[in-house]
Protein chains: 4
Amino acid sequence: MPKIVNHDERREEVVAAARRIILRAGIEAATTRAIAKEAGYSNGVLTHYFADKDEILLSALRTSHRRITERLAEKLTGLTGLAALRELLLDNLPMDEERERETGLEIGFWARSLTSPALLRTQREEAADLHLLVRSLLQSAAEAGEIAGEIAGEGLDDTAERLLALVDGLSLHRLLYPDRASRIEEIMLAELDRLRLP
Amino acid sequence: MPKIVNHDERREEVVAAARRIILRAGIEAATTRAIAKEAGYSNGVLTHYFADKDEILLSALRTSHRRITERLAEKLTGLTGLAALRELLLDNLPMDEERERETGLEIGFWARSLTSPALLRTQREEAADLHLLVRSLLQSAAEAGEIAGEIAGEGLDDTAERLLALVDGLSLHRLLYPDRASRIEEIMLAELDRLRLP
Amino acid sequence: MPKIVNHDERREEVVAAARRIILRAGIEAATTRAIAKEAGYSNGVLTHYFADKDEILLSALRTSHRRITERLAEKLTGLTGLAALRELLLDNLPMDEERERETGLEIGFWARSLTSPALLRTQREEAADLHLLVRSLLQSAAEAGEIAGEIAGEGLDDTAERLLALVDGLSLHRLLYPDRASRIEEIMLAELDRLRLP
Amino acid sequence: MPKIVNHDERREEVVAAARRIILRAGIEAATTRAIAKEAGYSNGVLTHYFADKDEILLSALRTSHRRITERLAEKLTGLTGLAALRELLLDNLPMDEERERETGLEIGFWARSLTSPALLRTQREEAADLHLLVRSLLQSAAEAGEIAGEIAGEGLDDTAERLLALVDGLSLHRLLYPDRASRIEEIMLAELDRLRLP
DNA sequence: CATGAATGAGTGTTCATTCAT
DNA sequence: TATGAATGAACACTCATTCAT
């Protein structure tokens, strides 16, 4: 009997290696050879677990999102409406090293998505999920009377988009301009406060 | 007797060529050969004016920012306070093809900046200028009584940061999720409206 | 206590798999993995029955020839002289898809034989058998008075060589220039007719 | 001023190198690296003169045909009808080392053409030219009363195809089975004799 | 015996860079 | 200065082969 390896485990090892490289040296440094080496295997081994490089990158992106989602699900249990929204948005900000890494990875994928249809598709699907979630939290907050259904004439969709754009913008600035963007959490909280009904 | 050429002029020619390519076909298409050809020179000429390819890209980024600044300066003449701010922020949104491409270029540089100290430094310097400008416009708007000096307890620095983060976030979403982010201009305008004193 | 397997049987299974792939998708598609998979085994099993891939291909060529021979033997039963010869030569033309593929395989081996001594040896041995067969059919046809012993001063060896060369040439043209070589069967038949005594 | 090289000359150098390799070790051995090395250059140099490997192989094939055509044109001057045809067909047989090489190269291309559309197209175009030429020589021979217009009920097209198939078949056998196919010239001549009117 | 994980050399191709002219 | 020929490392990917289990 040959050594039997857990395919999912190996895939995860490789994806983790890819993530480490992207975080350390950027997505352009994540060549197949570099990934294999980082994972501690020969370059040919990737063939067994991934059809091509795109599949590795895609998995890395999905893994990143899945981690965020899982962390969120845990934090959101028991919360509803504005409180849940607040937790969600704050959790997406890079306030510690781990989340800073996630954000760095994400930024690399932004650029790559603009030229890779497969990556863009994944990016969109998962962004749509998040948007939907934010929107439904806004709705339940409105129904609970915590916030107005229309914020200064702006529908829920626009509000959701605005909040998520702000999260991405602040996250980006945090990594690019850490000095200036030291207060992104406060900024986000203030933004949420303005949603409240008086 | 060597031919006397204007170094700065040549550099600009080459950088302009690089920019044209990047805007037209993406940063990956900007190979040294393609840049030289686009500029109308042989590939070897680049050596004389740039240490390496990175220097060309860096210059392209700087030029991009300078052009934005110049375009802005023109639009802002005669405007002050909130009106000027409004013009500035809207102008930074990718509402036509040219600015969409400029945003694409920018996003590419975000990712690269995270792993390239030289790029990051440039990025920071120029972002600082913009931040300062927004802050001063906010200040003059406050002094003119158009907006409150403290927006819901938030200082001018934070407001400036918030507006700029929102611009970047919305710009990014516009490129990644065009369906969903069709209304970024309206969102930006609503945000500005909320700054106004009643 | 090791499992006892019939080595020859296994070899044949693998070779048959290789043949199926070559006929279906060309010799370039016949990778060791593909062959193993087609045969229903893991890729490592090939090691036990073949020294290397070349040995598999060689066996496939031999099998191909043997199959042709067997098909012929069946068709030739009861036939003698010119009638048998006619059957033999026509059967070697790629007049249906199966034989077209067999010809494709053969052409691939022609090229490889020129640089592989082992392949060339096999090729020669089996070509010699065929030549001998054609010659003996010609002889029996001559003895039966169907054809002249000397065809326009040409001995039986040359006639045999000429007929076989024509078969290979026409087969090749059929695959390379199907439009032009649509009438190879008629051409072959006319050639045989010209052998007849008046 | 930089070193100016004659592009056509370089292309020919590279193509000649490719031809040498194909003849020496088969078409499969003609990797881009091997070709570059054989030509005495680094592997990157090929980029300057050829779009891709297929273009090199295609050029090698065309060069081969052009050489044959040129050699023929010279030999055929002053000849017409059957005499010209005879010269043409005999010249296509690998009766000396040079033509043996050409044939070896050709056989390699036969196999390759079956899986490469570009190669097949070229092969067909040039084969069509040759077929046309043979056909027109047959026609003029018939008009001159040297041969019958219909050879045993066989039209000129079929006769041309038959003669060319025989040339290819004999050439192939000459390389694969040199012992047996020592008399291909005599066989070809006898075939031509049979075309003559009594 | 059989498995399938793992290897590493090799493929065509791209491209920043060097340098003699 | 400017040219463009030339380099050689790097890229993603393929595949025959090896070998511990």
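Chain A is the first sequence line, chain B the second, and so forth, proteins listed ahead of strands; every chain is numbered from 1.
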key: side-chain hydrogen bond (donor to acceptor under 3.5 Å, both in side chains) contacts touching residues 114-123 of chain A (sequence neighbours left out)   =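 As it turns out, the side-chain hydrogen bond (donor to acceptor under 3.5 Å, both in side chains) pairs with a partner in residues 114-123 of chain A, which skip direct neighbours, are A/Ser113-A/Gln123.
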ask   = Which side-chain hydrogen bond (donor to acceptor under 3.5 Å, both in side chains) pairs, counting each pair once, include a residue from residues 28-37 of chain D, with sequence neighbours left out?
value =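 Checked against side-chain hydrogen bond (donor to acceptor under 3.5 Å, both in side chains) - neighbours excluded - the pairs reaching residues 28-37 of chain D are C/Arg112-D/Glu28.
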query = Are the charged groups of A/Glu55 and A/Arg62 less than 4.0 angstrom apart, N to O?
reply = no
ask   = Base, sugar-phosphate, or nothing: which does A/Asn43 touch, judged by heavy atoms less than 4.0 Å apart?
value =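 Base contact.
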ask   = Is D/Phe50 touching bases, backbone alone, or none of the nucleic acid, heavy atoms closer than 4.0 Å?
value = nothing
Compile the donor-acceptor pairs under 3.5 Å between side chains in residues 19-26 of chain A and protein atoms, sequence neighbours left out, one pair per line.
unit_1: A/Arg19; atom_1: NH1; unit_2: A/Ser64; atom_2: OG; d: 3.4
unit_1: A/Arg20; atom_1: NE; unit_2: A/Glu38; atom_2: OE2; d: 2.6
unit_1: A/Arg20; atom_1: NH2; unit_2: A/Glu38; atom_2: O; d: 3.4
unit_1: A/Arg20; atom_1: NH2; unit_2: A/Glu38; atom_2: OE2; d: 3.4
unit_1: A/Arg24; atom_1: NH2; unit_2: A/Glu38; atom_2: OE1; d: 2.7
unit_1: A/Arg24; atom_1: NH2; unit_2: A/Glu38; atom_2: OE2; d: 3.1

Side-chain N,O (A/His7) to OP1/OP2 (E/dA5) below 4.0 Å = yes
query = Phosphate oxygens OP1/OP2 of E/dA6: is one of them under 4.0 Å from a side-chain N or O of A/Tyr49?
reply = yes
request  = Could you note down all residue pairs passing ring pair (Phe, Tyr, Trp, His ring centres under 6.0 Å) where residues 4-51 of chain A supplies at least one of them, sequence neighbours left out?
outcome  =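 As it turns out, the ring pair (Phe, Tyr, Trp, His ring centres under 6.0 Å) pairs with a partner in residues 4-51 of chain A, which skip direct neighbours, are A/His7-A/Tyr49.
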ask   = If each of D/Gly40 and B/Gly44 is mapped to the nucleotide of DNA chain F with the nearest heavy atom, which maps nearer the 5' terminus, i.e. the 5' end?
value =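 Closest to the 5' end, via its nearest nucleotide, is B/Gly44.
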task = Treat a base pair as Watson-Crick or G-U wobble with both distances under 3.5 Å, then lay out DNA chain F in dot-bracket form, 5' to 3', with | for cross-strand pairs.
result = .||||||||||||||||||||
note = So, with a heavy-atom separation below 4.0 Å from DNA chain E, the residues of residues 11-37 of chain B are B/Thr31, B/Thr32, B/Arg33
